[in-house]
There are 2 protein chains.
Amino acid sequence: MAGHKLDPIDRQILAELQADGRMTNVELASRVGISAPPCLRRVRALEEAGYIRGYHADIDARELGFEVQVFAMVRLNSQAEADLSAFEARCRAWPLVRECHMLNGEIDFILKCVAPDLSTFQTFLTEELLKADHVANVKTSLVIRCAKDEPGLPFDVLEARLARNA
Amino acid sequence: MAGHKLDPIDRQILAELQADGRMTNVELASRVGISAPPCLRRVRALEEAGYIRGYHADIDARELGFEVQVFAMVRLNSQAEADLSAFEARCRAWPLVRECHMLNGEIDFILKCVAPDLSTFQTFLTEELLKADHVANVKTSLVIRCAKDEPGLPFDVLEARLARNA
DNA sequence: AGGAATGCGCAATAATATTTCAATCCCAAG
DNA sequence: CTTGGGATTGAAATATTATTGCGCATTCCT
């Protein structure tokens, strides 16, 4: 099991920064129960080691004029690695596609897309996605509403698991 | 169209903080071309107004021992609002479910789930999700690999759109 | 024009980040 | 035991940043 080089303080640092990425180091140190300098060193080490990929402001899409969110389920007519990679590269280049996950089962890829309005998305769908190489079939579903969108990981589950294995 | 009370500096602030949520205010101010005090005032205003929902560290799930990510497509046997809401409430209470979106079309909900391993997910699936009220059908797909996972919004698309409408 | 409102930047102060360094803890070898 | 090395800590000092107060410029609306 991974993450074993982390002690409880490290994990708590990750949990706190996941909950509030702009917390000051002084506040963070006080929460995890150590002084500021070692706390900062731990944060830097966690960043270096790749546990922390980055920090991002979470911005309200609708407030900014992105009214439409869509999940697109994509099937290709070839599962050769070269074709899969080529499709992934296309996805990375499309700004409306925010996430692209390769799946097992009948669906090859699921994409999470955003757009300012439906017609923008339709244009993207018909002119770009459906015309991409080896795309056999795309099923799209509009997001009606979002009940939960928690960035990050359930640290309580992780702690429970570590306690059990201890 | 929303977001019209924002000037180009505000939008650039959002874009910068989306890219690096821990940027210092001094750095941010210099990037957007104003001095620190008004820059900070703008950030606070954007937070107050709800454009910025929060800031989060982006943490590598696999490094922490969450080996499994799954998309679950859920259909209910009732689309009464009370039943939909009840299901959403269940999702919010399940830590393994990180996202829950209500969709149009044949699928009612799509869930993004994480788990330390497959058996943990299977237990959740059979003991929790499949036994939840009004759940008619669940199709799950394991994430094989993730080609793109960009938090946030494509500000370049937004700017292009605003330029066109100007 | 005139006056209010908005928003800027400078300067001063408060808070925080970061470096330095000596003391402590832990563990393994003698 | 005890002793030495490595790692980690926290106090103090310094550098950097955040925050407040205030006067000035610009805009906008009479």
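Chain letters run A, B, ... following the sequence lines, proteins first, then strands; residues in each count from 1. FYI, side chains are in, hydrogens and waters are out, and symmetry mates aren't considered; it's all heavy atoms of this structure. Source: prediction; values computed, not measured.
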Find the distance B:D7:CG to C:dC8:C1' and express it as a whole number of Å. 12 Å
In whole angstrom, what separates B:I9's CD1 from C:dG7's P? 11 Å
Give a yes/no answer on whether the side chain of A:R44 brings an N or O atom under 4.0 Å of OP1 or OP2 in C:dA17. no
OP1 or OP2 of C:dC8 sitting under 4.0 Å from any side-chain N/O of B:R42? yes
Test item: A:E106 and B:K139 side chains (from C-beta on) under 4.5 Å apart, heavy atoms: yes
So, do A:L162 and A:R11 sit near enough that their side-chain heavy atoms are less than 4.5 Å apart? yes
A:S78 and side chain to side chain donor-acceptor pair (under 3.5 Å): which partner among A:D133, A:D108, A:D83? A:D83
Between B:Y55 and A:Y55, does a ring-ring contact (aromatic ring centres under 6.0 Å, His included) hold up when you go through it step by step? CA-CA 7 Å; B:Y55 304 88; A:Y55 304 87; over 10 Å; no
Which other residues belong to the hydrophobic cluster containing A:M73, where Ile, Leu, Val, Met, Phe, Trp and Tyr are joined when side-chain heavy atoms lie under 4.5 Å apart, directly or via other members? A:F71, A:L103, A:I107, A:I110, A:V143, B:F71, B:M73, B:L103, B:I107, B:I110, B:V143
Rounding to the nearest 10°, end axes of the helix from C:dA1-D:dT30 to C:dG30-D:dC1 built from five pairs each make an angle of 30°
Interatomic distance, CD1@B:I59 vs CZ@A:R53, rounded to 0.5 Å, equals 9.5 Å
CZ/B:R145 to OG/A:S85 distance, rounded to the nearest 0.5 angstrom? 5.0 Å
Sorted by number, the residues of residues 13-35 of chain A with heavy-atom contact under 4.0 Å to DNA chain C: A:T24, A:N25, A:V26
Name the pairs: protein N/O against N/O of nucleotides 19-26 of chain C, kept only if under 3.5 Å.
none

For A:S35, enumerate each residue passing the side-chain contact (heavy atoms from CB on, under 4.5 Å) test, keeping only those at least two apart in sequence or located in another chain. A:P37, A:P38
Just to verify, what does A:T140 make a side-chain hydrogen bond (donor to acceptor under 3.5 Å, both in side chains) with, not counting sequence neighbours? none
Evaluate the ring planes of A:F87 and A:F109, with Trp represented by its six-membered ring, and classify them as parallel (under 30°), tilted (30 to 60°) or perpendicular (over 60°). tilted
